[in-house]
Amino acid sequence: MSSVCLVLPVVLPILGGAVMPLLHLPDKKRNLCLEILVLLTSAVAFLCVFRRPEEGFVLFHLTGNLDFALRIDGLGSVFVCVIAFLWPLATLYAFEYMRHEERTAGFFAFYTMTYGVTLGIAMAKNLVTMYLFYELLTLVSVYLVMHPMTKKALYASRIYLYYSIGGAAFAFIALVFIIIFGGGTTDFVLGGVLDMSRIGDNINIVLIVYLLAFWGFGVKAAVFPFQGWLPQASVAPTPVTALLHAVAVVKSGAFAVMRLTYYCFGAELLRGTWVHFVVMSIAMLSIIYGSTMAVKETHFKRRLAFSTVSNLSYILLGATMMSTQGLLAGMAHLVFHAFMKIGAFFSAGAVMHQSGRNYVDELNGLGKKMPFVFTVFVICGLSLIGIPGFAGFISKWNIAVAAMELGSEYPYAYGAVAVLLYSALMTAVYILTVAVRAWFPDKGSIKEPEEAVTDPNWEMKLPLFIFAVAVLFWGFCSEPVMRLLRAVSQGIL
Amino acid sequence: MKGDLVLFHVIWFPFAAAFLCYLTGKWHKMIRDRFLQLSVILEMGLMALAAAAYFQEAGLAADPTISSFHVGELQFMWEGFCMQGLYLKLDGFRLLYGCIAALMWMMTGIFSREYFAHYHNRNRYYFFYLLTLGSTMGVFLSGDLYTTFIFFEIMSLTSYVWVIHDEKPAAMKAGEIYLAIAVIGGLVMLMGLFLLYDAAGTLRMSELHDAVRSVMQEKAGQIYAAGFCMLFGFGAKAGMFPLHVWLPKAHPVAPAPASALLSGILTKTGVFGVLVVSAEIFRYDPAWGRLVLYLGTITMFGGAFLAVFSIDLKRTLACSSMSQIGFILVGVGMMELLGAENALAVRGTILHMVNHSMIKLILFMAAGVVYMNLHALDLNEIRGFGYRKPLLKGIFLMGAMSIGGIPGWSGYVSKTLLHESIVEYAEALAVHGEPSLWISGIEWIFLLTGGMTIAYMTKLFVAVFLEQHPDRQQEYDAKTAYMNTESMFALLVPTVLLVLMGFLPYHTMNRAADLAQGFLHGEMPAHAVHYFSLTNLKGAVISMTIGALVYFGLIRKFLMGKDEKGRTCYLNLWPGWLDLEDLVYRPVFAKAAAALAGYVCGIMDRLYLVQNLLKAAVEVSAFLSRICDYLVDMVLVLFRSTTHKSRTERRVYLIGSRVSRTLGKILDQVVWLMNHTIRRNNPIERSYVVTFAEWEEMMSRTSRLISASLSFGLMLAAIGLALTLAYLLWW
């Protein structure tokens, strides 16, 4: 397959999304066109992954040896697959969800463009390209946050913008230092590109730069103390909170940190240094913070947003183990969490859409009225807790294995296992309180609502069904996908 | 997938039946009820098939010698199932408990049709009922702890639905604590499994012992941590102190068939886990044995203590369950302490488990019959219900006698074995000259608890079956058709089995113990135990005496009184303040810990941290940039005030006096004229106004200077002198 094709998945949605509102199509036709466009992009993306050209494709030279180039490697293909699988389903869900909203033309334009940009992050060949797409992602997705155009939404979008742009500035520092200490190239190579002879005595500077960049890219992964934007941004429409703020945007942050750690600086260089423990502590702190706040929160979607904060840091915690097993665990959670959280969010969105209820204490007895949605929610929720038989368990187990592996060398890592336990308990609390309320309400606590609440139509149900099946399937039969991920983490694939 | 598929069938069948049953229920209720009964009977059949396969494997059909009992084992493996794989195994103990589980589900399933006739949400109940059957089977057939854990978790979650089935506030509250303990226990246990796996590298039960022993030296801490975590998880399910809080709450509020299962078999899954941990990981570890023994003793006594005070039929039975679990845990502790000579403890533990399952099945179903008719469980309301119901009376009596440990009933056999093991250990300690007072103390608590068991069972039996209700006795006696044939069958079959076990211990219970003891690595006892020898009867007699004392001295004297109408009644002196849930757990975990964590995270929230950090950063940067801003200014100011300081002297403007100005102007006019006329080619360009003013200024300054100088003064003086001289000379 010619390497030029790599450009297609990035350019198609960006151009298509930009052109679509200019055509002024009626809603139905536009939706059809968009769905076809998104499906086509996904098909091309999958094709690129499975018959991937070994050499990258250089779009243009920025300056010196800074290229704007695309290439798919192991880690990239994992992310591409997740995104390309979820996006068409989320778009389908969005059509139904946004049916009664205003300004849908602009919404879908940006929604589709974000797809292309996210794929760009996944397929970036070097740090420069990724950095550019990373900034671009902030810009195209900010409209999606402010879309309700309420005061709250505008505020949230501003916060989002400040945090993301600010974070990217930190990341930029890393870019410069990588060029200096890496011999001019910023290409992603498993094991890192830094040249020890160039670093010399400046190792501490490198570590500080890594810490800054970790925070910088980590802003999108809502790492402590830059997590504030994520719960605020849950004012956005559910397709956005679910796909962008549980998968695309935030996972881009986690993905970027993985790239930075394993493909730029190199895990070997960082392992055992002070910065290693600092970033591990940051991840642990975020996990504790996120899961505790989720218990405190009573707004359904914000609760899930806090849960995302903690789960993203699971990924980072895996990644910060600075080992092959850690990368594997992080990737596994990146993939599995995408499915279970988007499922949970879509369930929450379906509840809001069908019944207009936003708060957890309003959900009494809804399970009997919306059995399908809440069954999916329970499946995804149990997976989030980490009950065996669900996908979430597999990745958490692997994170714990990585922690124990590291712990035999640096006992500090045993703390990670304790954090996992604490967080699992908290997750159980914030998930099961919802599930129990919905399915087993106290007698007499339900005020019979006048309007009949039912399960949504097939456009909403189909994605939910697919997510639930995926979560269960991986829970029972994780070996094939884990084998792939293991190969990726060892650099074989 | 490989191995003996029959084991797998035993597991998947109930799961499949659950879904089928649910669908059937959507369609037709009566067919659903029958389908349920059919599926539990089929499950029993499948278990029988497995048993047949097991005995065939063991070669028992040909050679019924006892030694060959634990030779053959059935195994089933499914690699990669839920990551670590599914591993099922059938040995003697598992066979025994698989059969008991299947039997219990069969009997309660048959009983359920009548019991639930007027209930709501039956479909939901049956669905989870069958799911729990499958998962419980999975726990008992599991060959590695990972498989155990998977099914254990499913079982914990599905049985929650039983507890809250009524959806009344009490049930919801009990369900809350049940779920909390189940989830916390499950996750802590998972942590334990994980630590164990990390240390030993395997979770396969048969390999655990060797694996642990090889790493015990360097990783003792981790192994013990794993052991505590697992004891926490399994103990929580078993109802072990201090995690028993859910048990006296959850068992009474569940529907009676569910209570029977919760008490009789679900607690045993926890015990199963404790057994595995004790027998495989910490085999013959005295420290571990003491821990379990102490916890077991507290559980045993505490449960009986609560049961004596309870006046609720099912709650008494639930507390009794807790107490009996304590007996079993004492057995586990003794099994560890006795080391390789633990045959008595092993056999006692296993037999008491079996007994307790059967007894609680009978008693809870009997309580269910009472509840089904009266919808009440308070002893004051239900007293006299069984006065004229000989069948129910007989059934209940058999259960009560057995659990009380009356010689001739099965409970006596297991309790005797447990008691003997304690005595044996005390003797062993005495022989070695070690302090044995504490073990004698435990022996006395054991006997005392046995007495209390008899007392509270007597209390129940007397109240329900011997006394008469003060007002409604006629009404109660009129209820002759209080249960249908199916229910009668469900109650009678286990009763007959229980009675057979008690009357023929050598043919039934000994065989069961022989079959199962391999699981706990028990050897055959050195000498056959004569259950009805005098020494063994002595313990029972002591317990019965204590029981009589407690019943007549405590219950009838202090726990019974007169109500407002002057009739004797049972007083509710339930020690609610002893409830650890309200005393410790809720204040500590739900209030204090939650508040603390919430507070800390609130501080961590962006409102405080990032916002203030940002604010501080903005302030600092503003300050710095203002400094930078002023820096250039300051340099300029510095220069201006030093090197580039402007001159300070005043510019002098020459004005001149009026005279000089007039003269100058005149001269300037003249010059102007001259410039336009004669000096046209060479004009004069100076202004005489200025020139004259300068002159004048110079003159005035000079004159000022002169007039101020000393020489000028001297000169004037000299002139004066000269004038004076001239005057004198010429005038």
Side-chain angles (χ1 to χ4, degrees), chain A residues 159 162-163 166 224-229 231-232 285-286 288-293 295-296 306 382 385-390 393-394 396-398 400-401 403-405 407-408 414 417-418 420-422 424-429 432 436 439-445 475-480 482, chain B residues 78-86 121 124 146-147 149-154 156-157 160-161 163-169 171-173 175-176 179-180 182-184 186-188 190-191 193-195 197-199 219 222 229 594 597-598 600-602 604-611 613-614:
Chain A
I159 294 272
Y162 291 163
Y163 273 61
F224 183 82
F226 304 108
Q227 79 291 39
W229 66 272
Q232 297 232 359
L285 209 59
S286 309
I288 295 174
Y289 167 85
S291 47
T292 311
M293 289 304 283
V295 174
K296 282 179 77 176
F306 275 117
L382 291 178
I385 299 172
I387 306 278
F390 299 94
F393 169 74
I394 310 287
K396 283 195 186 186
W397 178 276
N398 274 293
V401 168
M404 293 302 286
E405 233 173 51
S408 57
Y414 287 130
V417 183
L420 284 179
L421 176 63
Y422 172 83
L425 287 175
M426 289 298 122
T427 312
V429 173
L432 291 181
V436 167
W439 283 110
F440 313 113
D442 292 14
K443 257 206 174 127
S445 69
F476 283 109
C477 179
S478 61
E479 203 37 46
M482 290 306 282
Chain B
W78 184 352
E79 299 286 352
F81 178 86
C82 286
M83 192 174 72
Q84 295 275 328
L86 186 79
N121 286 332
R124 180 181 80 185
Y146 185 79
T147 311
F149 176 72
I150 291 177
F151 287 116
F152 195 84
E153 276 296 278
I154 301 176
S156 288
L157 294 176
Y160 165 75
V161 180
V163 176
I164 53 103
H165 186 75
D166 284 349
E167 297 185 358
K168 288 177 187 152
M172 294 309 293
K173 186 153 185 269
E176 195 177 284
L179 192 62
V183 169
I184 294 173
L187 290 171
V188 171
L190 178 60
M191 181 59 52
L193 286 186
F194 178 75
L195 290 174
Y197 183 69
D198 185 69
K219 288 182 178 168
Q222 191 176 340
C229 285
V600 170
C601 285
M604 284 163 67
D605 207 357
R606 90 210 136 70
L607 279 177
Y608 297 99
L609 208 79
V610 171
Q611 222 107 337
L613 266 180
L614 268 185

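Here is the naming used below: chain letters follow the sequence lines, and residue numbers restart at 1 for every chain.
For B/Glu176, no part lies near chain A; criterion is any non-hydrogen pair under 4.5 Å. B/Ile164 touches chain A through its side chain: at least one heavy atom from C-beta onward sits under 4.5 Å away, while N, CA, C and O do not. With a 4.5 angstrom heavy-atom cutoff, A/Val401 touches chain B via backbone and side-chain atoms both. Looking at B/Leu86, neither its backbone nor its side chain comes within 4.5 Å of chain A, counting heavy atoms on both sides. At a 4.5 Å heavy-atom cutoff, A/Leu420 makes no contact with chain B through either its backbone or its side chain. Neither the backbone nor the side chain of B/Ile154 comes within contact range of chain A; no heavy atom of the residue lies under 4.5 Å from a heavy atom of that chain.
Interatomic distance, CZ of B/Phe194 versus CG of A/Leu421, reported as 11.5 Å (0.5 Å rounding). Atom NZ of A/Lys396 and atom CG of B/Leu187 lie 8.0 Å apart (nearest 0.5 Å). The distance from atom CZ of A/Phe440 to atom CD of B/Glu167, rounded to the nearest 0.5 Å, is 8.0 Å. In this structure, the separation between CG on A/Leu432 and CG on B/Leu157 is 7.0 Å, given to the nearest 0.5 Å. The distance from atom OG of A/Ser408 to atom NZ of B/Lys219, rounded to the nearest 0.5 Å, is 7.5 Å.
Of all the listed residues (A/Glu479, A/Glu405, A/Lys296), the one sharing the greatest number of non-hydrogen pairs under 4.5 Å with chain B is A/Lys296. When B/Glu79, B/Met191, B/Glu153 are compared by the number of non-hydrogen pairs under 4.5 Å with chain A, B/Met191 comes out ahead. With chain A as the partner, the residue from B/Asn121, B/Leu195, B/Ile150, B/Leu190 showing the most heavy-atom pairs under 4.5 Å is B/Leu190.
For the pair A/Ala428 and B/Val183, the tightest heavy-atom approach, listed with the atom from each and the gap, is CB-CG1, 3.3 Å.
Using cut-offs of 30° and 60° on the angle between ring planes, the pair A/Phe393 and B/Tyr146 is tilted. Between B/Tyr197 and A/Trp397, the ring planes are tilted. Angles from 30° to 60° get that label.
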